[in-house]
Each structure stands twice: as C-alpha cells, then as structure tokens.
Amino acid sequence: MKDLTQKIINGDISALSKAITLIESSLVKEKNEAQKIITKCLKKSNKSIKIGITGIPGVGKSTFIDKFGTELIKKGKKVAVLAIDPTSSISKGSILGDKTRMSMLAAENNAFIRPSPNSETLGGVTRKTRENIILCEAAGFDVILIETVGVGQSETTVNTLVDFFLLLMLAGAGDELQGIKRGIMEIADSLVITKADGDNIKNAKKAAAEYKRALHLFPLMENGWIPQVRTCSALENKGITQILEIINQFNSQMLSNKWKKK
C-alpha cells in the first residue's frame with residue numbers, strides 16, 4: 001500500500017488506476033486499503049481546477065472533452081477525466097466506452113481518462129467521485145474534468161465537487177428551455193450550445209440568444225459571476241479556446257473576490 005501511494009504521488013498512471021479500482025471495490029478489505037491511500041494522498045493533493053461537464057445524452061460530451069482536454073494539454077496542463085457511465089438497472093453493467101470516444105486525448109502522455117459506473121447513484125456522479133479527485137490531484141493533475149451521466153434536471157450533485165460547472169446544450173431538440181430545466185440551469189457557470197456547424201449554425205445562435213434571455217430571469221449568483229453563453233463545434237474545433245478563456249476569467253474573478261482560496 002505504501003509503495004502504491006508513493007507511485008501515485010510520483011505520477012504513475014497504472015498505480016492511480018489500481019487505487020481507483022480499490023476505491024470502487026465493494027470488498028471490505030479493499031475498501032480499508034483504499035481509505036489508507038486516500039488519507040496519505042490528501043496531504044499531497046494540489047490545487048487543481050475541477051470542471052464539471054454535463055448535458056443531455058447525445059449532446060456530444062465525450063467529443064467536446066476530447067477536443068477541450070487536448071487544447072488544455074497544448075497549454076501545458078496535465079488533464080484527468082473522470083467519466084461517469086450509467087449502470088443498467090437490469091444487467092447491473094456499464095458500457096464504459098468514453099475512452100474510445102476520446103481518441104485524441106487518450107493518446108496524450110499528460111492525460112488520464114477513467115470511466116466509472118455510477119452504480120445507479122442519482123446526481124450524475126458516483127459515490128466515489130470525490131475520492132477519485134483526491135487521487136488525481138495527488139498524482140499531479142492540475143485540471144480535472146468530470147463528465148457526468150447526463151441525466152438532466154436532477155444532475156446537480158456534481159456542482160458540489162467542482163469549481164466550474166459547464167452545461168452543454170443542443171439546438172433544435174424541441175423546446176430548448178425545457179430540454180434541461182431550471183434547477184440545473186441556475187447553477188451552471190456557462191452554457192454552451194454544441195454542434196454549431198454546417199446547417200445547424202443558425203439554430204445554435206438562435207438557441208444561444210434564447211438562453212441568454214432566460215438566464216436574465218434567474219437570481220444572481222452569490223459569487224457575483226454572470227453565467228456566459230457560447231456556441232461551439234468540437235467537430236470543427238471552433239469555440240473551444242473561447243470556453244477556456246471564460247474559465248480562466250471565472251477563476252481570476254473568484255480569486256480576486258476571495259470566493260476561492262489561492
């Protein structure tokens with residue numbers, strides 16, 4: 001266990017994967033071992049930027065993260081992705097296919113992608129997501145992306161785990177303002193209309209304008225931040241850099257108003 005902890009702190013990806021497997025285990029012995037690792041890693045965890053990414057199924061979360069994470073690495077960041085997959089209530093299994101949908105990011109040396117089953121936990125994350133974040137921080141990752149299940153309005157638990165909450169939306173999927181309802185929109189730090197390419201550009205711009213108007217009806221955020229609305233195309237790699245700029249602006253504002261500690 002001591003060797004495993006030290007390997008994690010040294011940035012060993014295999015050790016990190018093994019420790020997360022221990023954390024997610026239902027065996028008492030492995031749970032106890034995992035708890036000891038977490039306790040030691042807490043002392044070494046750094047101040048990462050944690051970004052929650054959610055949206056309805058089909059919005060393109062994995063494709064977006066593939067381009068977004070790759071852009072972060074180009075800027076010298078080490079990026080960990082904790083991707084949460086839904087667990088079948090019938091077979092109790094999960095596909096865990098996010099890594100195959102993030103082929104560019106998976107090929108990067110400074111990236112770590114870990115799919116995990118949500119085990120029917122509500123809120124879009126797993127019971128062990130917080131612990132997994134601690135391990136990733138101890139391993140030296142300075143940006144941690146949490147891709148949630150994509151369950152809609154109830155998916156608000158992730159907001160308590162992250163610094164910045166990004167809500168991905170689709171244009172032309174029916175009544176935009178009912179696509180994901182008020183509860184989750186109120187806590188989003190930024191709304192991004194995805195797949196703004198080809199014939200869908202006009203619809204994406206229209207949807208963005210509608211969401212901007214809708215956000216004005218919500219109460220102001222306690223931290224003083226005004227949620228930003230943007231469009232992007234992961235397919236054409238458009239709008240990704242602008243989203244990074246929004247997150248940097250948010251981080252700077254939270255530090256300057258002392259909402260976030262250095």
Side-chain angles (χ1 to χ4, degrees), residues 48-75 77-86 95-108 110-116 118 124-125 129 141 143-152 155 158-159 161-173 176 179-180 184-185 187-198 200-201 203-205 207-208 211 227-251:
S48 67
I49 297 175
K50 295 170 282 292
I51 303 169
I53 300 174
T54 191
I56 58 174
V59 77
K61 294 188 293 294
S62 296
T63 306
F64 172 82
I65 290 171
D66 192 31
K67 295 291 177 66
F68 186 68
T70 303
E71 196 64 35
L72 282 164
I73 287 174
K74 287 179 182 176
K75 295 184 180 299
K77 303 294 185 182
K78 285 188 70 178
V79 179
V81 179
L82 300 176
I84 318 301
D85 267 12
I95 296 173
L96 303 179
D98 297 271
K99 199 166 183 177
T100 61
R101 296 195 295 268
M102 301 178 192
S103 56
M104 288 176 58
L105 192 57
E108 295 283 352
N110 285 329
F112 171 71
I113 302 171
R114 174 68 184 214
S116 295
N118 77 327
V125 292
T129 299
F141 290 97
V143 179
I144 300 173
L145 307 178
I146 302 171
E147 179 194 1
T148 69
V149 172
V151 294
E155 193 157 339
V158 68
N159 189 50
L161 304 176
V162 300
D163 302 304
F164 190 90
F165 190 40
L166 183 62
L167 176 58
L168 304 183
M169 308 289 272
L170 275 176
E176 270 81 12
I180 291 182
I184 199 166
M185 284 181 64
I187 61 174
D189 296 303
S190 180
L191 274 70
V192 175
I193 315 302
T194 62
K195 304 183 181 181
D197 44 52
N200 203 40
I201 293 176
N203 288 335
K205 288 182 178 179
Y211 283 122
Q228 305 291 303
V229 181
R230 295 290 187 275
T231 63
C232 85
S233 168
L235 184 66
E236 297 180 353
N237 204 21
K238 292 180 179 178
I240 304 296
T241 302
Q242 286 77 8
I243 297 166
L244 283 175
E245 290 171 357
I246 289 172
I247 294 171
N248 289 334
Q249 181 188 345
F250 173 88
N251 200 45

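Looking at D189, its side chain does come within 3.5 Å of a backbone N or O of F165 through a donor-acceptor pair. Looking at N110, its side chain never comes within 3.5 Å of a backbone N or O of I73 through a donor-acceptor pair. Under the 3.5 Å distance criterion, the side-chain polar atoms of T63 are left unmatched by any main-chain donor or acceptor of A234. Of the possible polar contacts, one joining the T194 side chain to the V59 backbone as a donor-acceptor pair under 3.5 Å is found.
Contact check for V81 versus R114: no side-chain heavy atoms found under the 4.5 Å cut-off. Side-chain contact between L82 and L145 is absent, with no heavy-atom pair separated by less than 4.5 Å. Counting only heavy atoms from C-beta outward, the side chains of M104 and M102 never approach each other to under 4.5 Å. Side-chain contact between I247 and F68 is present, with at least one heavy-atom pair separated by less than 4.5 Å. S62 has its side chain within reach of E147: a pair of non-hydrogen atoms, C-beta onward, lies under 4.5 Å apart. Looking at heavy atoms from C-beta onward, I146 lies in side-chain contact with T129 at the 4.5 angstrom threshold. Contact of the L167 side chain with the M185 side chain is registered, since non-hydrogen atoms from C-beta on lie closer than 4.5 Å.
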>> Determine whether I51 and I53 satisfy the following criterion, side-chain contact (heavy atoms from CB on, under 4.5 Å), listing intermediate values before the conclusion.
In response: CA-CA 6 Å; I51 303 169; I53 300 174; 4.1 Å; yes
> For I193 and L170, what are the C-alpha separation, side-chain angles and deciding distance, and is it a side-chain contact (heavy atoms from CB on, under 4.5 Å)?
Replying inline: CA-CA 6 Å; I193 315 302; L170 275 176; over 6 Å; no
>> Using side-chain contact (heavy atoms from CB on, under 4.5 Å), reason through N251 and D163 one step at a time and then give a plain yes or no.
In response: CA-CA 8 Å; N251 200 45; D163 302 304; 5.6 Å; no
>> For K75 and L244: C-alpha separation, side-chain torsions, deciding distance, then whether side-chain contact (heavy atoms from CB on, under 4.5 Å) applies.
In response: CA-CA 10 Å; K75 295 184 180 299; L244 283 175; 3.7 Å; yes
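Rounding to the nearest 0.5 angstrom, the gap separating the CD1 atom in I65 from the CG atom in L168 is 7.5 Å. In this structure, I243 CD1 and N248 CG are separated by 12.0 Å, a value rounded to the nearest 0.5 Å. To the nearest 0.5 Å, atom CD1 of residue I56 and atom NZ of residue K61 are 8.5 Å apart. The SG atom of C232 sits 9.5 Å away from the CD atom of Q242 when rounded to the nearest 0.5 Å. Annotation: the span from F112 atom CZ to I144 atom CD1 amounts to 10.0 Å, rounded to 0.5 Å. In this structure, the separation between CG on L166 and OG1 on T54 is 9.5 Å, given to the nearest 0.5 Å.
With sequence neighbours excluded, the residues that form a ring pair (Phe, Tyr, Trp, His ring centres under 6.0 Å) with F250 are F164, W225.
Between E71 and N237, the shortest heavy-atom contact is OE1-ND2, 4.4 Å. Heavy atoms only, all atoms of each residue included: A204 and A196 are closest at CB-CB, 3.6 Å. For the residue pair M169 and Y211, the shortest heavy atom distance occurs at CE-OH, 2.9 Å. Looking at every heavy atom in both residues, T231 comes nearest to A208 through CG2-CB, 3.9 Å.
Between the side chains of E108 and T70, no donor N or O sits under 3.5 Å from an acceptor N or O.
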